[in-house]
Protein chains: 2
Amino acid sequence: MNTREQIIRIADNLIREKGYNAFSFYDISKKVGIKTASIHYHFPLKSDLGVAVIEQHIDNLSTIIEKYKSKSPTDRLDKFFSIYVAIKNENKVCLVGSLASDLNTLDEQVQIKLKTFTELMFNWVCTFLDEGRNSKAFTYEGSPRTKSVMIISNLLALLQLSRLSYDQEFKSVIDTIKLELITK
Amino acid sequence: MNTREQIIRIADNLIREKGYNAFSFYDISKKVGIKTASIHYHFPLKSDLGVAVIEQHIDNLSTIIEKYKSKSPTDRLDKFFSIYVAIKNENKVCLVGSLASDLNTLDEQVQIKLKTFTELMFNWVCTFLDEGRNSKAFTYEGSPRTKSVMIISNLLALLQLSRLSYDQEFKSVIDTIKLELITK
DNA sequence: GTCTATATCCGGATAGAC
DNA sequence: GTCTATCCGGATATAGAC
């Protein structure tokens with residue numbers, strides 16, 4: 001992994017651990033082992049780094065979507081859950097949840113990129129919820145869009161609340177979402 | 001409203017608009033019309049102000065809980081929703097959602113107070129969900145605790161996502177939560 | 001209770017040498 | 001591509017006058 005990629009990876013972790021406005025180039029410099037001025041060579045502005053972090057997430061999710069596009073809605077749902085389980089295991093929050101709270105303080109480019117990423121995630125979930133209902137694999141009230149908002153909301157907020165001592169509920173929420181979708 | 005209360009009110013709004021680490025004593029000083037040094041007279045440390053903001057929320061919620069304690073579970077559910085609708089109308093996020101993202105950067109006293117407030121909210125929702133199921137007003141899968149986590153998660157994250165262009169879903173999510181709870 | 005003045009620190013950002 | 005050195009602005013916080 002080259003320096004640029006290292007910086008992105010560390011920034012991503014810091015954003016999801018402490019928040020966008022609480023992480024600094026100095027934090028990164030310590031972990032990468034270069035000076036803050038050198039980080040500016042790769043990313044002139046902090047917002048350039050912010051954009052790059054989100055683009056990395058877009059790339060990763062795009063790869064997952066492509067890889068799972070011919071799998072069953074249930075498989076895609078499980079993959080979706082596994083993304084959040086992984087974040088839970090590192091005791092962080094998801095990127096959207098972290099940046100959404102700071103939205104009004106972000107540069108416009110970062111806001112726009114964040115909206116692109118969020119749309120991608122929503123469209124993916126919406127698609128497999130819709131297919132799943134058409135194929136009778138899933139049952140739920142409301143439109144696929146509304147249901148996707150509800151499920152993504154559950155996972156996003158659950159990560160935030162987990163750090164506030166609602167740890168033990170994480171698994172049961174996922175189980176209940178699946179139960180509601182599949183049994184009825 | 002005295003100066004101290006004004007400061008708390010403005011800080012609350014700034015936290016839910018920009019995030020804890022993005023608001024400053026200077027922001028408040030402009031709105032109150034006093035200098036930053038004067039704010040330190042009322043709240044020596046920023047964390048003292050943070051604690052006071054949360055305590056204000058605890059007081060407000062306690063009043064609501066008391067006022068609604070003999071009302072029906074459905075009435076209490078509607079009151080619960082109305083809290084988030086009000087926040088939505090001011091285009092902000094809720095206190096817990098805002099502070100949860102920055103949790104690891106908050107002083108211990110602020111973290112502890114935030115946990116107290118979150119517990120109060122959860123216990124309230126949990127109580128009327130439980131009573132509602134016992135009285136056959138509500139039907140749902142899972143424990144009252146799990147369901148309360150799911151519903152609070154929906155609202156908390158919905159406020160965050162609303163600012164990212166999922167505005168039009170706000171009402172339909174609330175409608176769907178009610179539909180799922182009440183019809184089946 | 002509010003002010004002026006100031007201390008101190010931290011963070012983003014730039015210039016220019018190597 | 002990384003360094004040293006530096007600038008600048010912003011933020012918390014304190015001292016002491018009024």
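Just so we're on the same page: letters track the sequence lines, and every chain starts at 1. Both backbone and side-chain heavy atoms feed into the values below; hydrogens, waters and symmetry mates do not. Quick caveat, the model's predicted, so the values are computed rather than measured.
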Inset, instruction - Starting at atom CD1 of A:I28, determine the distance to atom P of C:dC10, rounded to an integer number of angstrom. - result: 17 Å
Legend entry - Atom CD of B:Q109: over 12 foreign heavy atoms under 6.0 Å: no
Legend entry - Same apolar cluster (I L V M F W Y, side chains within < 4.5 Å links), A:I182/A:I151: yes
Inset, instruction - May I ask you to evaluate whether B:S38 reaches the phosphate of C:dG1, defined as a side-chain N or O under 4.0 Å from OP1 or OP2? - result: no
Legend entry - Between B:S172 and A:T146: side-chain donor-acceptor atoms closer than 3.5 Å: yes
Inset, instruction - Tell me whether A:L45 is reachable from A:I7 by hopping between hydrophobic residues (I, L, V, M, F, W, Y) whose side-chain heavy atoms are closer than 4.5 Å. - result: no
Inset, instruction - Let me know the distance between NE2 of A:H42 and C1' of D:dG1, rounded to the nearest Å. - result: 6 Å
Inset, instruction - Can you label the angle between the A:F117 ring and the A:H57 ring as parallel, tilted or perpendicular, going by 30° and 60°? - result: perpendicular
Legend entry - Salt bridge present between B:D75 and B:K79 (N-O < 4.0 angstrom): no
Inset, instruction - Name all stems that contain residues of DNA chain D, defined as runs of 3 or more consecutive Watson-Crick or G-U wobble pairs, both distances under 3.5 Å. - result: C:1-18 with D:1-18
Inset, instruction - Provide, to the nearest angstrom, the distance between the CD1 atom belonging to B:I7 and the C1' atom belonging to C:dT2. - result: 11 Å
Inset, instruction - Give the rounded distance in Å between these two atoms: NZ of A:K18 and P of C:dC10. - result: 12 Å
Inset, instruction - Tell me, with the steps shown, if B:D175 and B:K171 meet salt bridge (charged side-chain N to carboxylate O under 4.0 Å, His left out). - result: CA-CA 6 Å; B:D175 290 343; B:K171 195 179 175 307; 2.9 Å; yes
Inset, instruction - Examine the side chains of A:Y166 and B:E119 and answer whether a donor and an acceptor come within less than 3.5 Å of each other. - result: yes
Legend entry - Presence of A:T3 side-chain N/O under 4.0 Å of D:dT2 phosphate oxygens OP1/OP2: yes
Inset, instruction - Give the cluster check for B:V85 versus B:L161: same hydrophobic cluster or not, with ILVMFWY residues linked at side-chain heavy-atom distances below 4.5 Å. - result: yes
For nucleotides 10-13 of chain D, tabulate all protein N/O to nucleotide N/O atom pairs closer than 3.5 Å, reporting atom names and distance.
residue	atom	partner	partner atom	Å
D:dT12	OP1	B:K46	NZ	3.3
D:dT12	OP2	B:F25	N	2.9
D:dA13	OP2	B:K46	N	2.8
D:dA13	N7	B:H40	NE2	3.4

Inset, instruction - Rounded to the nearest angstrom, tell me the gap between atom CD1 in A:I34 and atom P in D:dT4. - result: 12 Å
Legend entry - Atom-to-atom span, OH of A:Y41 to P of C:dA17 - whole angstrom: 18 Å
